[in-house]
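One-based numbering, in listed order, for ligands and for the atoms of each.
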Amino acid sequence: MPLEIITVNKIRERFKPAGKGIWKDVADEQWGSWIWQQQQRIKSMEQLDKAIKVTDEERLAFEKSNEMFHMGITPYYATLMDPEDPNCPVRLQAVPKIGELTILPTDLEDPLAEERDMPVPGITHRYPDRVLFYTTHNCPVYCRHCTRKRKVSDPSSASQLAQLESGLKYIEEHKEVRDVVISGGDPLSLSDDRLEYILSRLRACDHVDIFRIGTRNLVTLPFRVTDNFVKIVRKYHPVYVNTHFNHPKECTREAFDVAARLADAGCTIGNQTVLLKGVNDNPAVMKELMHKLLLMRIRPYYIYQCDLSQGISHFRTPVETGIDIIESLRGHTSGLAVPHYVIDAPGGGGKIPVMPNYVVHHEGKKWVLRNYKKKEYTYLEP
Ligand SMILES: *Cc1c(COP(=O)(O)O)cnc(C)c1O
Ligand code: SF4
């Protein structure tokens with residue numbers, strides 16, 4: 001069903017509809033159906049050839065990588081790709097590249113030690129009061145930069161139901177858990193019934209305060225955010241939604257409309273961007289992205305340094321690039337537009353913030369600081 005439009009004003013006008021591209025003859029009802037979008041996903045070279053002008057490199061990369069990590073692109077997300085430009089930032093995130101086949105000696109199979117901190121299948125419990133809960137291995141689009149490549153898109157995960165139960169039981173038994181990050185894969189790959197089951201079981205735990213739904217559907221399949229889904233979410237507040245926009249091109253009218261729908265339903269929406277070479281490793285692109293997110297009522301939360309997972313080294317930038325991006329934002333634009341730049345520490349150390357150094361000198365009660373214009377100021381502690 002085409003989405004009911006919630007916000008109609010001149011801000012909405014600034015967001016251009018993605019449109020249907022080569023699917024222009026498909027009826028609106030079908031196009032706007034997330035089930036149809038899932039069924040019509042591009043998974044083969046024959047399908048991809050129809051949507052874009054595939055390069056030899058992409059063809060080879062697909063052949064060599066598809067066994068290990070599938071390609072999957074929703075028609076909606078495919079319309080955001082430039083059919084002519086292999087370096088299109090959306091295309092880089094969705095179509096295999098030869099760089100994926102390189103495994104560097106510094107790469108790690110499980111860089112964040114998510115498996116080591118797994119008390120039961122489906123839960124990573126690293127921090128004192130919150131857990132990461134894996135609810136599915138599926139996603140509408142398989143991001144080429146995915147940190148969980150070793151798990152995501154793996155069809156051999158027949159025991160997902162068992163894993164769900166063991167995760168729920170763990171949370172129910174661990175009274176210290178007050179915050180549950182519902183993750184995956186993408187939890188919105190699950191049916192509404194399954195999602196409601198999870199939310200209701202979690203809300204029944206007196207010790208669980210908040211949940212966050214970590215989903216990229218706002219970016220890759222906005223039609224998934226249906227009236228029914230939003231109706232469910234409303235019953236279990238406070239529900240936070242964390243999404244994953246990486247480039248201003250992804251901020252379409254369609255995305256704007258579903259963000260409005262979630263915000264109007266009382267969700268606080270945050271965004272986690274992954275710093276990716278060739279996609280967003282540039283202060284101007286990042287600033288535009290952060291500004292667009294704020295217009296969509298989405299608060300920038302994290303920028304992640306690309307981690308040490310295997311097969312994503314071609315996306316990695318120097319850490320300096322991330323620091324420079326924060327430097328270019330802080331003070332120069334709304335503080336609301338400045339996320340935390342973090343490195344998820346290899347070996348399971350968790351997220352560690354990295355930022356420009358604003359403390360020039362500190363001695364006793366004297367702090368010499370510098371501002372965003374690099375001018376120095378002294379603060380004396382009383
Ligand atoms: C990111 C993460 C969280 C949530 O961390 P916040 O900083 O609270 O957003 C929790 N558990 C694990 C294992 C994580 O990787
Ligand atoms: S949506 Fe998230 S879990 Fe799924 S492929 Fe993309 S980055 Fe990985």
Side-chain angles (χ1 to χ4, degrees), residues 38 41 68-74 77 90 92-96 100 110-119 122-154 157 167 170-171 174 176-190 209-222 224 240-246 250 268 270-276 279 299-307 309 311-312 315 339-353:
Q38 284 272 19
R41 287 192 309 160
M68 222 178 58
F69 186 66
H70 295 304
M71 180 175 73
I73 311 172
T74 55
Y77 199 61
V90 174
L92 287 177
Q93 294 180 66
V95 176
E100 287 180 37
D110 176 18
L112 310 181
E114 288 176 330
E115 315 275 331
R116 195 201 58 203
D117 288 343
M118 204 167 259
I123 294 277
T124 297
H125 194 169
R126 166 165 308 149
Y127 295 107
D129 64 346
R130 56 209 189 280
V131 296
L132 205 56
F133 182 18
Y134 309 96
T135 55
T136 169
H137 293 323
N138 300 319
C139 308
V141 170
Y142 292 120
C143 311
R144 306 319 300 181
H145 56 274
C146 181
T147 178
R148 295 206 188 107
K149 272 190 170 177
R150 69 192 185 284
K151 289 264 169 196
V152 164
S153 104
D154 179 2
S157 45
Y170 181 88
I171 295 164
H174 285 77
E176 71 275 24
V177 177
R178 44 158 290 287
D179 176 1
V180 178
V181 182
I182 304 172
S183 180
D186 196 315
L188 291 201
S189 301
L190 301 171
D209 292 346
I210 59 169
F211 338 121
R212 327 182 206 177
I213 301 177
T215 177
R216 208 176 185 213
N217 269 259
L218 277 77
V219 184
T220 55
L221 181 45
R224 175 64 187 87
Y240 289 73
V241 173
N242 249 337
T243 186
H244 174 181
F245 284 85
N246 286 334
E250 296 168 336
T268 297
N271 186 72
Q272 319 195 148
T273 295
V274 184
L275 180 54
L276 299 169
V279 174
R299 170 76 158 94
Y301 181 47
Y302 282 139
I303 293 178
Y304 286 106
Q305 170 65 10
C306 205
D307 65 42
S309 295
I312 60 173
F315 282 122
H340 303 284
Y341 171 49
V342 294
I343 299 183
D344 216 332
K351 298 176 184 71
I352 302 177

If we only count heavy atoms from C-beta on, is the His244 to Val274 side-chain gap below 4.5 Å?
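Contact flag for His244/Val274 side chains = yes.
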
Answer yes if a protein heavy atom lies under 4.0 Å from atom 2 (Fe) of ligand 2, otherwise answer no.
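Flag for atom 2 (Fe) of ligand 2 set to false, no protein heavy atom closer than 4.0 Å.
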
Would you call Arg126-Asp117 a salt bridge at under 4.0 Å N-O?
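Asp117 and Arg126: salt-bridged.
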
Tell me whether Asp110 is salt-bridged to Arg116, with the criterion being a basic N under 4.0 Å from an acidic carboxylate O.
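Here Asp110 does not pair with Arg116 in a salt bridge, since their nearest N and O are not under 4.0 Å apart.
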
Could you please tell me which protein N, O or S atoms lie under 2.8 Å from atom 4 (Fe) of ligand 2?
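Near atom 4 (Fe) of ligand 2, the protein supplies Cys139 SG.
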
Working for side-chain contact (heavy atoms from CB on, under 4.5 Å), residues Arg130 and Val180
CA-CA 6 Å; Arg130 56 209 189 280; Val180 178; over 6 Å; no

Asn246 versus Val279, closest heavy-atom pair with distance:
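Heavy-atom minimum between the residues: O-CG1, 4.2 Å.
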
Which heavy atom of Leu132 sits nearest a heavy atom of Arg148, and at what distance?
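Looks like CD2-NH2, 3.3 Å.
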
Has the side chain of Thr136 got a donor or acceptor atom that lies under 3.5 Å from a matching backbone atom of Gly184?
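Such a contact is absent between Thr136 side chain and Gly184 backbone.
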
Under a plain distance cut-off of 3.5 Å, with no hydrogens placed, do Asn271 and Asn242 share a side-chain donor-acceptor pair?
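On atom types as modelled, these side chains do not qualify, holding no pair under 3.5 Å.
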
Examine the side chains of Tyr304 and Thr147 and answer whether a donor and an acceptor come within less than 3.5 Å of each other.
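Side chains of Tyr304 and Thr147: no pair found under 3.5 Å.
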
Would you check, one step at a time, whether the test side-chain contact (heavy atoms from CB on, under 4.5 Å) holds for Ile171 with Ile123?
CA-CA 9 Å; Ile171 295 164; Ile123 294 277; 3.8 Å; yes

Enumerate the pairs of nitrogen or oxygen atoms, one from ligand 1 and one from the protein, separated by less than 3.5 angstrom; state names and distance to 0.1 Å.
residue	atom	partner	partner atom	Å
ligand 1	7 (O)	Tyr302	OH	2.5
ligand 1	8 (O)	Arg130	NE	2.7
ligand 1	8 (O)	Arg130	NH2	3.4
ligand 1	8 (O)	Arg212	NH2	2.8
ligand 1	9 (O)	Arg212	NH1	2.7
ligand 1	9 (O)	Arg212	NH2	3.4
ligand 1	9 (O)	Tyr301	OH	2.6
ligand 1	15 (O)	Lys351	NZ	2.9

